[in-house]
2 protein chains.
Amino acid sequence: MARLSSDERRARLVQAALRVIDRDGVQGATTRAIVAEAGMSLASFHYAFRSRDEMISELIAFVVENEQQVSLAAVRPGTDIRTAVRAGLQAFFELLVSNPTREQALFELMHYSLRTPELSELPRAQYASYFRVARVLLDSGAATAGVTWSLPIDELARILIAFTDGLTLAWLADRDDAAAAVVMDFAADTISALAVPIRTKEHQR
Amino acid sequence: MARLSSDERRARLVQAALRVIDRDGVQGATTRAIVAEAGMSLASFHYAFRSRDEMISELIAFVVENEQQVSLAAVRPGTDIRTAVRAGLQAFFELLVSNPTREQALFELMHYSLRTPELSELPRAQYASYFRVARVLLDSGAATAGVTWSLPIDELARILIAFTDGLTLAWLADRDDAAAAVVMDFAADTISALAVPIRTKEHQR
DNA sequence: AAGCGACTGGGACGATTGACCCAGTTCGAG
DNA sequence: CTCGAACTGGGTCAATCGTCCCAGTCGCTT
(Lines give C-alpha, C1' and ligand atoms only; values in the text may rest on other atoms or scores of the structure.)
Protein backbone atom coordinates (compact mmCIF):
# COMPACT_ATOMS: atom_id res chain seq x y z
CA MET A 1 0.00 0.00 0.00
CA ALA A 2 1.43 3.27 -1.08
CA ARG A 3 1.86 6.15 1.26
CA LEU A 4 -1.27 8.19 1.57
CA SER A 5 -2.36 11.31 3.34
CA SER A 6 -4.46 10.83 6.40
CA ASP A 7 -7.59 12.12 4.68
CA GLU A 8 -7.00 9.98 1.62
CA ARG A 9 -6.59 6.84 3.69
CA ARG A 10 -9.72 7.55 5.66
CA ALA A 11 -11.61 8.21 2.44
CA ARG A 12 -10.45 4.93 0.91
CA LEU A 13 -11.50 3.01 3.99
CA VAL A 14 -14.90 4.67 3.90
CA GLN A 15 -15.29 3.76 0.23
CA ALA A 16 -14.30 0.18 0.95
CA ALA A 17 -16.70 0.03 3.88
CA LEU A 18 -19.50 1.26 1.65
CA ARG A 19 -18.84 -1.54 -0.80
CA VAL A 20 -18.78 -4.10 2.02
CA ILE A 21 -22.01 -2.77 3.53
CA ASP A 22 -23.56 -2.90 0.07
CA ARG A 23 -22.60 -6.54 -0.23
CA ASP A 24 -22.96 -7.88 3.31
CA GLY A 25 -24.92 -5.32 5.30
CA VAL A 26 -23.85 -3.24 8.26
CA GLN A 27 -23.31 -6.31 10.41
CA GLY A 28 -20.96 -7.73 7.79
CA ALA A 29 -18.81 -4.61 7.75
CA THR A 30 -16.21 -5.81 10.23
CA THR A 31 -12.87 -4.09 10.47
CA ARG A 32 -11.21 -7.08 8.85
CA ALA A 33 -13.67 -7.20 5.96
CA ILE A 34 -13.20 -3.49 5.35
CA VAL A 35 -9.40 -3.52 5.29
CA ALA A 36 -9.45 -6.60 3.05
CA GLU A 37 -11.70 -4.72 0.62
CA ALA A 38 -9.39 -1.71 0.79
CA GLY A 39 -6.26 -3.87 0.43
CA MET A 40 -4.77 -2.65 3.68
CA SER A 41 -3.69 -4.24 6.90
CA LEU A 42 -5.66 -4.20 10.12
CA ALA A 43 -3.19 -1.83 11.73
CA SER A 44 -3.88 0.79 9.09
CA PHE A 45 -7.50 0.90 10.12
CA HIS A 46 -6.82 1.81 13.70
CA TYR A 47 -4.11 4.16 12.62
CA ALA A 48 -6.65 6.07 10.55
CA PHE A 49 -9.62 5.75 12.90
CA ARG A 50 -9.79 5.57 16.64
CA SER A 51 -12.60 3.02 16.46
CA ARG A 52 -15.02 1.35 14.11
CA ASP A 53 -17.84 3.62 15.21
CA GLU A 54 -15.75 6.66 14.35
CA MET A 55 -15.42 5.27 10.84
CA ILE A 56 -19.14 4.55 10.60
CA SER A 57 -19.83 8.08 11.71
CA GLU A 58 -17.61 9.49 9.00
CA LEU A 59 -19.15 7.11 6.49
CA ILE A 60 -22.67 8.33 7.22
CA ALA A 61 -21.52 11.93 7.01
CA PHE A 62 -20.04 11.15 3.61
CA VAL A 63 -23.19 9.45 2.39
CA VAL A 64 -25.38 12.29 3.59
CA GLU A 65 -23.14 14.84 1.94
CA ASN A 66 -22.94 13.10 -1.40
CA GLU A 67 -26.43 11.88 -1.99
CA GLN A 68 -27.82 15.29 -2.76
CA GLN A 69 -26.19 15.40 -6.16
CA VAL A 70 -27.63 12.07 -7.21
CA SER A 71 -30.73 12.63 -9.27
CA LEU A 72 -30.89 16.30 -10.04
CA ALA A 73 -30.41 15.46 -13.69
CA ALA A 74 -33.92 14.01 -13.88
CA VAL A 75 -35.52 17.43 -14.12
CA ARG A 76 -36.35 18.12 -17.75
CA PRO A 77 -37.31 21.63 -18.78
CA GLY A 78 -40.56 22.36 -20.55
CA THR A 79 -42.62 19.49 -19.18
CA ASP A 80 -45.78 19.96 -17.16
CA ILE A 81 -45.48 19.46 -13.45
CA ARG A 82 -47.31 16.12 -13.25
CA THR A 83 -45.01 14.60 -15.85
CA ALA A 84 -41.97 16.08 -14.15
CA VAL A 85 -42.86 14.65 -10.75
CA ARG A 86 -43.66 11.27 -12.22
CA ALA A 87 -40.37 11.23 -14.13
CA GLY A 88 -38.46 12.11 -11.00
CA LEU A 89 -40.08 9.25 -9.13
CA GLN A 90 -39.37 6.92 -12.03
CA ALA A 91 -35.72 7.94 -12.02
CA PHE A 92 -35.49 7.19 -8.32
CA PHE A 93 -37.23 3.87 -8.79
CA GLU A 94 -34.88 2.80 -11.53
CA LEU A 95 -31.98 3.71 -9.29
CA LEU A 96 -33.53 1.48 -6.66
CA VAL A 97 -34.06 -1.43 -9.04
CA SER A 98 -30.55 -1.21 -10.41
CA ASN A 99 -29.01 -1.13 -6.95
CA PRO A 100 -31.41 -2.45 -4.31
CA THR A 101 -28.76 -3.29 -1.75
CA ARG A 102 -27.55 0.30 -1.76
CA GLU A 103 -30.91 1.68 -0.68
CA GLN A 104 -31.23 -1.12 1.82
CA ALA A 105 -27.82 -0.25 3.22
CA LEU A 106 -28.94 3.34 3.81
CA PHE A 107 -31.85 2.11 5.90
CA GLU A 108 -29.61 -0.26 7.81
CA LEU A 109 -27.19 2.56 8.55
CA MET A 110 -30.06 4.61 9.92
CA HIS A 111 -31.22 1.84 12.22
CA TYR A 112 -27.69 1.11 13.34
CA SER A 113 -27.20 4.78 14.17
CA LEU A 114 -30.44 4.92 16.13
CA ARG A 115 -29.27 1.99 18.24
CA THR A 116 -25.82 3.48 18.88
CA PRO A 117 -25.91 6.30 21.43
CA GLU A 118 -22.91 8.15 20.00
CA LEU A 119 -24.44 8.11 16.52
CA SER A 120 -28.06 8.64 17.45
CA GLU A 121 -28.14 12.18 16.11
CA LEU A 122 -27.01 11.22 12.63
CA PRO A 123 -30.38 10.04 11.27
CA ARG A 124 -31.70 13.56 11.83
CA ALA A 125 -28.99 14.89 9.55
CA GLN A 126 -29.60 12.07 7.10
CA TYR A 127 -33.25 13.01 6.72
CA ALA A 128 -32.48 16.71 6.71
CA SER A 129 -30.35 15.94 3.67
CA TYR A 130 -33.14 13.95 2.03
CA PHE A 131 -35.54 16.84 2.59
CA ARG A 132 -33.06 19.29 1.15
CA VAL A 133 -32.72 17.23 -2.02
CA ALA A 134 -36.50 16.96 -2.28
CA ARG A 135 -36.89 20.72 -1.90
CA VAL A 136 -34.39 21.41 -4.65
CA LEU A 137 -36.08 18.96 -6.99
CA LEU A 138 -39.54 20.31 -6.27
CA ASP A 139 -38.35 23.87 -6.69
CA SER A 140 -36.60 23.34 -9.98
CA GLY A 141 -39.44 21.19 -11.26
CA ALA A 142 -41.94 23.92 -10.43
CA ALA A 143 -39.75 26.54 -12.04
CA THR A 144 -39.44 24.74 -15.37
CA ALA A 145 -43.15 23.94 -15.38
CA GLY A 146 -44.15 27.51 -14.54
CA VAL A 147 -46.03 26.74 -11.36
CA THR A 148 -45.74 27.38 -7.65
CA TRP A 149 -46.68 25.15 -4.74
CA SER A 150 -49.74 25.86 -2.66
CA LEU A 151 -48.12 24.13 0.31
CA PRO A 152 -44.92 25.20 2.07
CA ILE A 153 -41.99 23.57 0.31
CA ASP A 154 -40.79 22.00 3.56
CA GLU A 155 -44.04 20.13 4.03
CA LEU A 156 -44.13 19.05 0.40
CA ALA A 157 -40.57 17.78 0.61
CA ARG A 158 -41.40 15.63 3.61
CA ILE A 159 -44.43 14.20 1.81
CA LEU A 160 -42.30 13.33 -1.21
CA ILE A 161 -39.71 11.59 0.94
CA ALA A 162 -42.49 9.68 2.71
CA PHE A 163 -43.59 8.42 -0.70
CA THR A 164 -40.12 7.33 -1.76
CA ASP A 165 -39.43 5.64 1.58
CA GLY A 166 -42.74 3.80 1.59
CA LEU A 167 -42.30 2.86 -2.04
CA THR A 168 -38.80 1.57 -1.43
CA LEU A 169 -39.57 -0.54 1.62
CA ALA A 170 -42.53 -2.33 0.09
CA TRP A 171 -40.63 -2.96 -3.12
CA LEU A 172 -37.62 -4.32 -1.23
CA ALA A 173 -40.01 -6.72 0.49
CA ASP A 174 -41.97 -8.06 -2.48
CA ARG A 175 -40.27 -6.66 -5.63
CA ASP A 176 -43.65 -5.83 -7.14
CA ASP A 177 -42.84 -3.41 -9.96
CA ALA A 178 -46.45 -2.90 -11.01
CA ALA A 179 -47.57 -2.07 -7.48
CA ALA A 180 -44.70 0.39 -7.18
CA ALA A 181 -45.87 2.07 -10.36
CA VAL A 182 -49.34 2.49 -8.85
CA VAL A 183 -47.88 4.24 -5.82
CA MET A 184 -45.75 6.48 -8.04
CA ASP A 185 -48.77 7.41 -10.15
CA PHE A 186 -50.73 8.27 -7.04
CA ALA A 187 -47.85 10.33 -5.67
CA ALA A 188 -47.45 12.20 -8.94
CA ASP A 189 -51.20 12.89 -9.13
CA THR A 190 -51.59 14.14 -5.58
CA ILE A 191 -48.40 16.17 -5.42
CA SER A 192 -48.90 17.85 -8.77
CA ALA A 193 -52.45 18.69 -7.67
CA LEU A 194 -50.85 21.10 -5.24
CA ALA A 195 -49.27 23.12 -8.03
CA VAL A 196 -50.86 26.39 -9.07
CA PRO A 197 -49.97 28.09 -12.37
CA ILE A 198 -48.01 31.28 -12.18
CA ARG A 199 -50.07 34.17 -13.54
CA THR A 200 -47.48 35.68 -15.83
CA LYS A 201 -47.99 38.96 -17.69
CA GLU A 202 -48.74 37.33 -21.02
CA HIS A 203 -51.47 35.26 -19.39
CA GLN A 204 -53.17 38.26 -17.84
CA ARG A 205 -55.86 40.12 -19.74
CA MET B 1 -38.00 -23.54 35.21
CA ALA B 2 -41.13 -25.57 35.29
CA ARG B 3 -41.79 -28.25 32.80
CA LEU B 4 -43.37 -26.89 29.67
CA SER B 5 -44.70 -28.26 26.46
CA SER B 6 -42.51 -27.81 23.45
CA ASP B 7 -44.80 -25.22 21.91
CA GLU B 8 -45.08 -23.30 25.16
CA ARG B 9 -41.33 -23.14 25.59
CA ARG B 10 -40.83 -21.99 22.05
CA ALA B 11 -43.50 -19.34 22.53
CA ARG B 12 -41.89 -18.04 25.72
CA LEU B 13 -38.53 -17.80 24.03
CA VAL B 14 -40.06 -15.89 21.15
CA GLN B 15 -41.73 -13.48 23.56
CA ALA B 16 -38.47 -12.98 25.41
CA ALA B 17 -36.64 -12.43 22.14
CA LEU B 18 -39.17 -9.81 21.16
CA ARG B 19 -38.55 -7.91 24.38
CA VAL B 20 -34.79 -8.11 23.86
CA ILE B 21 -35.05 -6.93 20.26
CA ASP B 22 -37.25 -4.09 21.45
CA ARG B 23 -34.59 -3.07 23.92
CA ASP B 24 -31.33 -3.80 22.12
CA GLY B 25 -32.13 -4.36 18.47
CA VAL B 26 -31.78 -7.50 16.38
CA GLN B 27 -28.02 -7.57 16.81
CA GLY B 28 -28.47 -7.47 20.57
CA ALA B 29 -30.76 -10.49 20.54
CA THR B 30 -28.08 -13.09 21.24
CA THR B 31 -29.03 -16.53 22.43
CA ARG B 32 -27.68 -15.70 25.88
CA ALA B 33 -29.60 -12.44 26.14
CA ILE B 34 -32.80 -14.21 25.09
CA VAL B 35 -32.58 -17.07 27.57
CA ALA B 36 -31.65 -14.62 30.34
CA GLU B 37 -34.77 -12.61 29.53
CA ALA B 38 -36.83 -15.80 29.53
CA GLY B 39 -35.22 -17.07 32.72
CA MET B 40 -33.99 -20.27 31.13
CA SER B 41 -30.63 -21.86 30.61
CA LEU B 42 -28.73 -21.82 27.37
CA ALA B 43 -29.34 -25.52 26.84
CA SER B 44 -33.08 -24.97 26.76
CA PHE B 45 -32.72 -22.72 23.78
CA HIS B 46 -31.10 -25.30 21.57
CA TYR B 47 -33.41 -27.94 22.91
CA ALA B 48 -36.36 -25.91 21.68
CA PHE B 49 -34.81 -24.57 18.49
CA ARG B 50 -32.30 -26.09 16.17
CA SER B 51 -30.65 -22.70 15.66
CA ARG B 52 -31.02 -19.01 16.33
CA ASP B 53 -32.21 -18.40 12.78
CA GLU B 54 -34.97 -20.95 13.25
CA MET B 55 -36.12 -18.95 16.26
CA ILE B 56 -35.94 -15.67 14.36
CA SER B 57 -37.99 -17.24 11.61
CA GLU B 58 -40.68 -18.31 14.07
CA LEU B 59 -40.54 -14.90 15.72
CA ILE B 60 -41.22 -13.12 12.45
CA ALA B 61 -44.05 -15.49 11.68
CA PHE B 62 -45.55 -14.71 15.06
CA VAL B 63 -45.22 -10.97 14.57
CA VAL B 64 -46.76 -11.12 11.12
CA GLU B 65 -49.64 -13.21 12.41
CA ASN B 66 -50.41 -11.04 15.40
CA GLU B 67 -50.06 -7.54 14.11
CA GLN B 68 -53.27 -7.61 12.12
CA GLN B 69 -55.41 -7.28 15.22
CA VAL B 70 -53.63 -4.17 16.44
CA SER B 71 -55.57 -1.11 15.44
CA LEU B 72 -58.92 -2.31 14.17
CA ALA B 73 -60.58 -0.62 17.13
CA ALA B 74 -59.83 2.78 15.65
CA VAL B 75 -62.71 2.56 13.20
CA ARG B 76 -65.60 4.56 14.62
CA PRO B 77 -69.02 4.20 13.03
CA GLY B 78 -70.89 7.18 11.71
CA THR B 79 -67.93 9.39 10.83
CA ASP B 80 -67.21 10.67 7.38
CA ILE B 81 -64.43 8.93 5.52
CA ARG B 82 -61.87 11.73 5.74
CA THR B 83 -62.21 11.85 9.52
CA ALA B 84 -62.08 8.09 9.74
CA VAL B 85 -58.86 7.82 7.73
CA ARG B 86 -57.25 10.63 9.68
CA ALA B 87 -58.24 9.01 12.97
CA GLY B 88 -56.79 5.70 11.88
CA LEU B 89 -53.51 7.36 10.99
CA GLN B 90 -53.53 9.20 14.30
CA ALA B 91 -54.07 5.93 16.17
CA PHE B 92 -51.12 4.40 14.37
CA PHE B 93 -49.00 7.43 15.06
CA GLU B 94 -49.77 7.36 18.75
CA LEU B 95 -48.85 3.69 18.81
CA LEU B 96 -45.56 4.67 17.20
CA VAL B 97 -44.88 7.48 19.68
CA SER B 98 -45.71 5.34 22.68
CA ASN B 99 -43.45 2.53 21.49
CA PRO B 100 -40.91 3.73 18.94
CA THR B 101 -38.46 0.90 19.43
CA ARG B 102 -41.15 -1.62 18.55
CA GLU B 103 -41.72 -0.16 15.10
CA GLN B 104 -38.00 0.18 14.65
CA ALA B 105 -37.56 -3.46 15.56
CA LEU B 106 -40.01 -4.48 12.83
CA PHE B 107 -37.91 -2.66 10.25
CA GLU B 108 -34.74 -4.21 11.59
CA LEU B 109 -36.27 -7.66 11.39
CA MET B 110 -37.15 -7.02 7.78
CA HIS B 111 -33.64 -5.94 6.90
CA TYR B 112 -32.13 -8.84 8.79
CA SER B 113 -34.38 -11.24 6.90
CA LEU B 114 -33.44 -9.72 3.57
CA ARG B 115 -29.77 -10.29 4.35
CA THR B 116 -30.29 -13.89 5.50
CA PRO B 117 -30.83 -16.27 2.57
CA GLU B 118 -32.97 -18.74 4.52
CA LEU B 119 -35.26 -15.93 5.69
CA SER B 120 -35.30 -13.83 2.56
CA GLU B 121 -38.87 -14.72 1.71
CA LEU B 122 -40.30 -13.54 5.02
CA PRO B 123 -40.46 -9.82 4.24
CA ARG B 124 -42.89 -10.64 1.44
CA ALA B 125 -45.20 -12.25 3.98
CA GLN B 126 -44.63 -9.39 6.38
CA TYR B 127 -45.83 -6.86 3.85
CA ALA B 128 -48.63 -9.07 2.65
CA SER B 129 -49.84 -8.96 6.24
CA TYR B 130 -49.53 -5.18 6.37
CA PHE B 131 -51.54 -4.88 3.18
CA ARG B 132 -54.19 -7.22 4.53
CA VAL B 133 -54.62 -5.10 7.64
CA ALA B 134 -54.82 -1.96 5.51
CA ARG B 135 -57.49 -3.53 3.29
CA VAL B 136 -59.62 -4.47 6.28
CA LEU B 137 -59.34 -0.99 7.77
CA LEU B 138 -60.13 0.70 4.48
CA ASP B 139 -63.06 -1.61 3.88
CA SER B 140 -64.65 -1.19 7.27
CA GLY B 141 -64.01 2.54 7.22
CA ALA B 142 -65.71 2.85 3.87
CA ALA B 143 -68.63 0.74 5.05
CA THR B 144 -69.35 2.85 8.13
CA ALA B 145 -68.98 6.05 6.13
CA GLY B 146 -71.21 4.82 3.34
CA VAL B 147 -68.73 5.13 0.53
CA THR B 148 -66.84 2.92 -1.87
CA TRP B 149 -63.35 3.30 -3.24
CA SER B 150 -62.75 4.39 -6.81
CA LEU B 151 -59.42 2.54 -6.80
CA PRO B 152 -58.91 -1.21 -6.35
CA ILE B 153 -58.60 -1.91 -2.64
CA ASP B 154 -55.24 -3.63 -3.15
CA GLU B 155 -53.71 -0.53 -4.65
CA LEU B 156 -55.20 1.69 -1.98
CA ALA B 157 -53.86 -0.56 0.77
CA ARG B 158 -50.36 -0.32 -0.65
CA ILE B 159 -50.60 3.45 -0.81
CA LEU B 160 -51.72 3.59 2.80
CA ILE B 161 -48.84 1.41 3.94
CA ALA B 162 -46.44 3.56 1.96
CA PHE B 163 -47.71 6.54 3.92
CA THR B 164 -47.34 4.86 7.30
CA ASP B 165 -43.86 3.56 6.46
CA GLY B 166 -42.66 6.91 5.18
CA LEU B 167 -44.23 8.65 8.13
CA THR B 168 -42.62 6.27 10.59
CA LEU B 169 -39.11 6.40 9.19
CA ALA B 170 -38.90 10.16 9.06
CA TRP B 171 -40.34 10.47 12.54
CA LEU B 172 -37.90 7.92 13.92
CA ALA B 173 -35.12 10.03 12.44
CA ASP B 174 -36.11 13.50 13.64
CA ARG B 175 -39.08 13.03 16.02
CA ASP B 176 -40.91 15.95 14.44
CA ASP B 177 -44.52 15.55 15.56
CA ALA B 178 -45.81 18.56 13.68
CA ALA B 179 -44.26 17.42 10.41
CA ALA B 180 -45.78 13.98 10.92
CA ALA B 181 -49.17 15.59 11.36
CA VAL B 182 -48.77 17.36 8.03
CA VAL B 183 -48.07 14.07 6.28
CA MET B 184 -51.06 12.47 7.97
CA ASP B 185 -53.31 15.33 6.92
CA PHE B 186 -52.10 15.01 3.36
CA ALA B 187 -52.63 11.26 3.40
CA ALA B 188 -56.14 11.61 4.81
CA ASP B 189 -57.01 14.26 2.22
CA THR B 190 -55.74 12.39 -0.78
CA ILE B 191 -56.98 8.95 0.20
CA SER B 192 -60.45 10.13 1.18
CA ALA B 193 -60.61 11.96 -2.14
CA LEU B 194 -60.81 8.53 -3.74
CA ALA B 195 -64.04 7.70 -1.93
CA VAL B 196 -67.30 7.93 -3.82
CA PRO B 197 -70.65 8.02 -1.99
CA ILE B 198 -72.87 5.00 -2.33
CA ARG B 199 -76.06 5.96 -4.14
CA THR B 200 -78.56 4.37 -1.76
CA LYS B 201 -82.29 4.22 -2.48
CA GLU B 202 -83.19 7.05 -0.12
CA HIS B 203 -80.71 9.28 -1.87
CA GLN B 204 -82.08 8.58 -5.31
CA ARG B 205 -84.78 10.80 -6.74
C1' DA C 1 -41.81 -48.84 42.16
C1' DA C 2 -39.39 -48.71 38.12
C1' DG C 3 -37.97 -47.18 34.02
C1' DC C 4 -37.89 -44.18 30.11
C1' DG C 5 -37.92 -40.09 27.81
C1' DA C 6 -38.32 -35.15 28.35
C1' DC C 7 -35.76 -31.60 30.03
C1' DT C 8 -31.96 -28.69 32.45
C1' DG C 9 -27.40 -26.78 34.36
C1' DG C 10 -22.98 -25.96 33.63
C1' DG C 11 -19.19 -26.21 31.17
C1' DA C 12 -16.70 -26.20 26.96
C1' DC C 13 -15.60 -25.60 21.89
C1' DG C 14 -13.88 -23.07 17.96
C1' DA C 15 -14.67 -18.97 15.49
C1' DT C 16 -14.95 -14.16 15.16
C1' DT C 17 -14.87 -9.70 16.80
C1' DG C 18 -12.76 -4.74 17.97
C1' DA C 19 -8.81 -3.19 19.73
C1' DC C 20 -4.00 -2.90 20.75
C1' DC C 21 1.14 -3.27 20.45
C1' DC C 22 5.65 -3.17 18.78
C1' DA C 23 9.41 -3.92 15.92
C1' DG C 24 10.37 -2.64 11.53
C1' DT C 25 10.18 0.13 6.99
C1' DT C 26 9.66 4.08 4.13
C1' DC C 27 9.54 8.79 3.00
C1' DG C 28 10.43 13.68 3.04
C1' DA C 29 12.57 17.62 5.39
C1' DG C 30 16.83 19.58 6.86
C1' DC D 1 23.07 11.72 4.34
C1' DT D 2 20.51 11.75 8.54
C1' DC D 3 16.87 11.78 11.38
C1' DG D 4 12.23 11.72 12.85
C1' DA D 5 7.62 11.01 11.80
C1' DA D 6 4.31 8.55 9.12
C1' DC D 7 3.00 4.16 8.25
C1' DT D 8 2.70 -1.13 8.04
C1' DG D 9 2.84 -6.35 9.09
C1' DG D 10 2.01 -9.60 12.10
C1' DG D 11 0.95 -11.20 16.25
C1' DT D 12 -1.96 -11.07 20.40
C1' DC D 13 -5.61 -10.02 23.69
C1' DA D 14 -10.02 -10.40 26.04
C1' DA D 15 -14.74 -10.58 25.03
C1' DT D 16 -18.49 -12.49 22.83
C1' DC D 17 -20.77 -15.33 19.74
C1' DG D 18 -23.64 -19.80 18.21
C1' DT D 19 -23.47 -24.35 19.10
C1' DC D 20 -22.71 -28.62 21.34
C1' DC D 21 -22.22 -32.14 25.02
C1' DC D 22 -23.04 -34.77 29.03
C1' DA D 23 -24.22 -35.94 33.53
C1' DG D 24 -28.01 -35.40 36.13
C1' DT D 25 -33.09 -34.57 37.38
C1' DC D 26 -37.82 -34.54 36.85
C1' DG D 27 -42.44 -36.36 35.76
C1' DC D 28 -45.42 -39.46 33.50
C1' DT D 29 -46.67 -44.21 32.16
C1' DT D 30 -46.99 -48.92 33.14
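So you know, we letter chains A, B, ... as the sequences are listed, proteins then strands, and number each from 1.
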Rounded off to whole Å, could you give me the [atom1]-to-[atom2] distance for the [X] and [N] pair?
| X | N | atom1 | atom2 | result |
| --- | --- | --- | --- | --- |
| Leu42(B) | dC22(D) | CG | P | 16 Å |
| Phe45(A) | dC20(C) | CZ | C1' | 13 Å |
| Arg9(B) | dG27(D) | CZ | P | 15 Å |
| Glu8(A) | dC27(C) | CD | P | 17 Å |
| Asp24(A) | dT16(C) | CG | P | 14 Å |
| Arg12(A) | dC7(D) | CZ | P | 12 Å |

Residues within residues 25-34 of chain B bordering DNA chain D, heavy-atom distance below 4.0 Å: Thr30(B), Thr31(B), Arg32(B)

Within residues 46-57 of chain B, residues whose heavy atoms come under 4.0 Å of DNA chain D: His46(B), Ser51(B), Arg52(B)

Test side-chain contact (heavy atoms from CB on, under 4.5 Å) applied to Glu121(B) - qualifying residues, sequence neighbours left out: Arg124(B)

Any residue meeting side-chain contact (heavy atoms from CB on, under 4.5 Å) with Ile153(A), in chain and number order, not counting sequence neighbours: Arg135(A), Leu138(A), Asp139(A), Trp149(A)

Summary of salt bridge (charged side-chain N to carboxylate O under 4.0 Å, His left out) pairs that have at least one residue in residues 158-171 of chain B, sequence neighbours excluded: Asp174(A)-Arg158(B)

Salt bridge (charged side-chain N to carboxylate O under 4.0 Å, His left out) partners of residues 41-54 of chain A, not counting sequence neighbours, each pair once: Arg10(A)-Glu54(A), Arg50(A)-Glu54(A)

Any donor-acceptor N or O pair under 3.5 Å, side chains Arg86(B), Gln90(B): yes

Those residues that, when tested against Phe93(A), pass ring-ring contact (aromatic ring centres under 6.0 Å, His included) (two or more places apart): Trp171(A)

Inter-residue atom distance Leu18(A).CG - Leu59(A).CG, 0.5 Å rounding: 4.0 Å

Sugar-phosphate only, base, or nothing, as touched by Ser44(B) at under 4.0 Å among non-hydrogen atoms: sugar-phosphate

N/O (side chain, Ser41(A)) to phosphate O (OP1/OP2, dG9(D)) under 4.0 Å: yes

With Arg23(A) via side chain to side chain donor-acceptor pair (under 3.5 Å) - residues at least two apart: Glu37(A)

Partners meeting side chain to side chain donor-acceptor pair (under 3.5 Å) with Thr83(A) (sequence neighbours left out): Asp80(A)

